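These notes are about the structure you will find just below.
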Amino acid sequence: IFAKQDKDLQDIWTKIDEDFSKNQLSIITMVRYFYMSQRGHIRKKNLYRELKSLANKNPKKFMNDLEHFSNFYVSISSLGHNSFQSCKNILDEQFKIDLQKNDRYFNIFKSLYGLKRYGITQTIPLIYSVLSSFDRLELCKESRLRNTLSEFFENLERYHFISNFICKDRANKVEEFYGNMAGKFFKLDSLASFEETIYEFYNEIPDIPGFDTFEENFIQLDYENNKDIKEIFSRINMANEDGVSLPMANAQPFMLDPTKRMDSWNTEHWFPQNPLDNSINERLENPEIVHNIGNLILISSELNNKLKNISPEEKAKKIKEDKNFQVLANGHLKLFIDENEFFH
């Protein structure tokens, strides 16, 4: 690129370099993912030669495409739990995708942000290529594809929640598959080919761990060894009983900060870890179950501070009878109390 002695091309590269330095992101990873988003999977050792060949064909197009991808990469890497509008801007401005309803945008934001919390970056070239083909083929105009994008993103997030967040699979086991599928999506030229490729993607994605493996890993979760239980409760609160995402207004308050510190939620022991009245500990045959996932609940920080370490009965009574506590309790907590005969 520099050998072309073209100031415009050098200015684009300088801007990219500055953006990545400022955001502490890896340019090499971005450039590799850029290549994969158009041409399929590639190993790092082959990257320079292939990029050089691609750039020499049309340097200006190459740099314009790289700039577009790098802007996307920075935007998606910078999402936070209050970044709904930024996510909406990615779709509206970078890809000219109009989903019409905020709930559809929110489903995509929720899923993208979930992937970020799980540390999954291997999806980036695939996501870029799917959005590019959706834009290029003007698929927003197809009524039967109205929910296709939000479903695609939700399925990606669920896949990695099971495989990587709970079952601790290697995240890079899907990299080659995602890269090659990205290359296919980028070259699509019709609605029919898009639908065929989506079908192929779902049919050929590497298998997730079986339910027995998921269950075994899930029931071992406890507060002392895994503070990420908060993530599970957040997911529960953002969906209905069928696992379908709630409308944005109901789900958005449960978005989590990746540090698990900047949002307004605590993972709290329902039977207190250090009760004010130590005599209630006599109820426990095994004190270790206090830290098990079955004794933990998602609760607002403000309500948690008010309840302190009182007994489960006292907590339920205050939430049922005192308006100062009721207004701070989320719907799942109220339902838990209402449906549990022990508190009646």
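What you are looking at is a predicted structure, and each value in this text was computed from that prediction instead of being measured.
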Next on the checklist: Main chain of Ser279, side chain of Asp277: is a donor-acceptor contact present, judged purely on distance under 3.5 Å?
Outcome noted: yes
Next on the checklist: Asn71 vs Ile90, test: side-chain contact (heavy atoms from CB on, under 4.5 Å). Steps then yes/no.
Outcome noted: CA-CA 9 Å; Asn71 289 338; Ile90 293 173; over 6 Å; no
Next on the checklist: I need the Ser75 OG to Gln94 CD distance, nearest 0.5 Å.
Outcome noted: 4.5 Å
Checklist entry - Should Ile208 and Tyr118 be counted in the same cluster of Ile, Leu, Val, Met, Phe, Trp and Tyr side chains packed under 4.5 Å apart? => result yes
Checklist entry - Can we say Arg32 and Glu175 salt-bridge, meaning some charged N sits less than 4.0 Å from an Asp/Glu carboxylate O? => result yes
Item to check | Side chain Asn309, main chain Leu276, donor-acceptor under 3.5 Å | outcome: no
Checklist entry - Do Lys101 and Arg146 have side chains that get closer than 4.5 Å, going by heavy atoms? => result no
Next on the checklist: Please report the interatomic distance NZ(Lys141) to CG(Asp98), rounded to the nearest 0.5 Å.
Outcome noted: 11.0 Å
Item to check | Atom of Met30, atom of Leu66 and distance for their closest heavy-atom approach | outcome: SD-CD1, 3.9 Å
Checklist entry - With no hydrogens and no angle check, is any side-chain donor or acceptor of Asp135 less than 3.5 Å from a backbone partner on Leu131? => result no
Next on the checklist: Are Val31 and Tyr35 packed together at the side-chain level, in the sense that at least one heavy-atom pair is separated by less than 4.5 angstrom?
Outcome noted: no
Next on the checklist: Under the criterion salt bridge (charged side-chain N to carboxylate O under 4.0 Å, His left out), I'd like the reasoning laid out for Lys334 against Asp338: C-alpha separation, chi angles, the key distance, then a yes or no.
Outcome noted: CA-CA 6 Å; Lys334 291 177 182 176; Asp338 289 341; over 6 Å; no
Next on the checklist: If you define the side chain from C-beta out and look only at heavy atoms, does anything of Leu296 sit under 4.5 Å from Glu268?
Outcome noted: no
Next on the checklist: I'd like to know if Asp92 pairs up with Lys96 as an ion pair, taking the criterion as any Lys NZ or Arg NE/NH1/NH2 lying under 4.0 Å from an Asp or Glu carboxylate oxygen.
Outcome noted: no
Next on the checklist: For a side chain to side chain donor-acceptor pair (under 3.5 Å) check, start with the C-alpha distance between Ser21 and Glu18, then their side-chain angles and the critical distance, and finish with the verdict.
Outcome noted: CA-CA 5 Å; Ser21 296; Glu18 290 172 351; over 6 Å; no
Checklist entry - Mind checking whether Phe109 and Tyr113 have parallel, tilted or perpendicular rings, split at 30° and 60°? => result parallel
Item to check | Glu231/Arg117 ion pair, N-O < 4.0 Å | outcome: yes
Next on the checklist: Does the plane of the ring in Tyr33 sit parallel, tilted or perpendicular to the ring in Tyr73? Use 30° and 60° as the thresholds.
Outcome noted: tilted
Checklist entry - Could Glu50 and Lys57 be called an ion pair, given the rule that one side-chain N must be under 4.0 Å from one carboxylate O? => result no
Next on the checklist: Determine whether Thr29 and Ser26 satisfy the following criterion, side chain to side chain donor-acceptor pair (under 3.5 Å), listing intermediate values before the conclusion.
Outcome noted: CA-CA 5 Å; Thr29 300; Ser26 167; 3.1 Å; yes
Checklist entry - Can any side-chain N or O of Arg136 pair as donor or acceptor with the backbone N or O of Phe186 at less than 3.5 Å? => result yes
Checklist entry - Does Lys45 make a cation-pi contact with Tyr48 (under 6.0 Å, within 45 degrees of the axis)? => result no
Checklist entry - Can a salt bridge be assigned to the pair Arg235 and Glu157 using a cut-off of 4.0 Å between side-chain N and carboxylate O? => result yes
Item to check | Stepwise salt bridge (charged side-chain N to carboxylate O under 4.0 Å, His left out) test for Glu200 and Lys184 | outcome: CA-CA 10 Å; Glu200 178 186 348; Lys184 290 185 178 183; 2.5 Å; yes
Next on the checklist: Could you check whether any side-chain heavy atom of Ser70 comes within less than 4.5 Å of a side-chain heavy atom of Asp19, counting everything from C-beta outward?
Outcome noted: no
Checklist entry - Atom OG in Ser300, atom CH2 in Trp265: separation rounded to 0.5 Å? => result 6.0 Å
Next on the checklist: Are Val130 and Leu191 connected into the same hydrophobic cluster when the rule is that any two of I, L, V, M, F, W, Y join if their side-chain heavy atoms are below 4.5 Å apart?
Outcome noted: yes
Next on the checklist: Please determine whether side-chain contact (heavy atoms from CB on, under 4.5 Å) holds for the pair Ile337 and Lys315, giving the CA-CA distance in whole Å, both sets of side-chain angles, and the decisive distance to 0.1 Å.
Outcome noted: CA-CA 9 Å; Ile337 293 170; Lys315 290 178 181 178; over 6 Å; no
Next on the checklist: I'd like to know whether the aromatic ring centres of Phe233 and Phe254 sit less than 6.0 Å apart in this structure.
Outcome noted: no
Item to check | Charged N-O contact under 4.0 Å between Glu154 and Lys110 | outcome: yes
Checklist entry - Are side-chain heavy atoms of Ile127 and Leu156 found at a separation under 4.5 Å? => result yes
Checklist entry - Among Ile12, Asn58, Asp8, which residue meets the side chain to side chain contact (heavy atoms under 4.5 Å, CB included) test with Asn64? => result Ile12
Item to check | ring pair (Phe, Tyr, Trp, His ring centres under 6.0 Å) involving Phe95 - partner list, sequence neighbours excluded | outcome: His68, Phe72, Tyr128
Checklist entry - Would you say Lys187 and Gln38 make side-chain contact, with heavy atoms under 4.5 Å? => result no
Checklist entry - Which word best sums up how the rings of Phe106 and Phe84 line up, parallel for under 30°, tilted for 30 to 60°, or perpendicular for over 60°? => result tilted
Item to check | Close aromatic pair by centroid cut-off 6.0 Å: Tyr178 and His160 | outcome: yes
Item to check | Short side-chain to backbone donor-acceptor contact, Ser129 and Ala182, under 3.5 Å | outcome: yes
Item to check | Reported CG-to-CG distance for the pair Asn304 and Asn266, which is rounded to 0.5 angstrom | outcome: 4.5 Å
Next on the checklist: Would a single hydrophobic cluster contain both Phe218 and Ile289, if residues Ile, Leu, Val, Met, Phe, Trp and Tyr are joined by side-chain heavy-atom contacts under 4.5 Å?
Outcome noted: no
Next on the checklist: In the structure I gave you, are the side-chain heavy atoms of Ile319 and Leu307 within less than 4.5 Å of one another anywhere?
Outcome noted: yes
Checklist entry - Is there a side-chain contact (heavy atoms from CB on, under 4.5 Å) between Leu149 and Arg104 once you walk through the steps? => result CA-CA 8 Å; Leu149 275 185; Arg104 292 189 186 119; over 6 Å; no
Next on the checklist: Between Arg283 and Phe271, is the side-chain contact (heavy atoms from CB on, under 4.5 Å) condition met? List the steps.
Outcome noted: CA-CA 10 Å; Arg283 303 183 200 174; Phe271 189 103; 4.3 Å; yes
Checklist outcome for this item: When rounded to the nearest 0.5 Å, the distance separating CG of Leu145 from CD of Glu195 is 5.5 Å
Next on the checklist: Can you tell whether the side chains of Asp11 and Lys7 come within less than 4.0 Å, N to carboxylate O?
Outcome noted: yes
Item to check | Hphob cluster co-occupancy, Tyr199 + Phe194, side-chain heavy atoms under 4.5 angstrom | outcome: no
Next on the checklist: When you compare the side chains of Asn89 and Gln85, does any donor N or O come within less than 3.5 Å of an acceptor on the partner?
Outcome noted: yes
Checklist entry - With a 4.5 Å limit on heavy-atom distance, are the side chains of Leu99 and Ile97 in contact? => result yes
Item to check | Backbone N/O of Ser193 and side chain of Thr197: donor-acceptor pair under 3.5 Å | outcome: yes
Checklist entry - Hey, what do you get for CD1 (Ile166) to CD1 (Ile232), rounding to the nearest 0.5 Å? => result 4.0 Å
Item to check | Under the salt bridge (charged side-chain N to carboxylate O under 4.0 Å, His left out) test, residues paired with Arg49 that sit two or more places apart | outcome: none
Checklist entry - Less than 6.0 Å separating the ring centroids of Phe134 and Phe185? => result no
Checklist entry - Does Leu246 share a hydrophobic cluster with Met255, counting links as ILVMFWY side-chain heavy atoms below 4.5 Å and allowing steps through other members? => result no
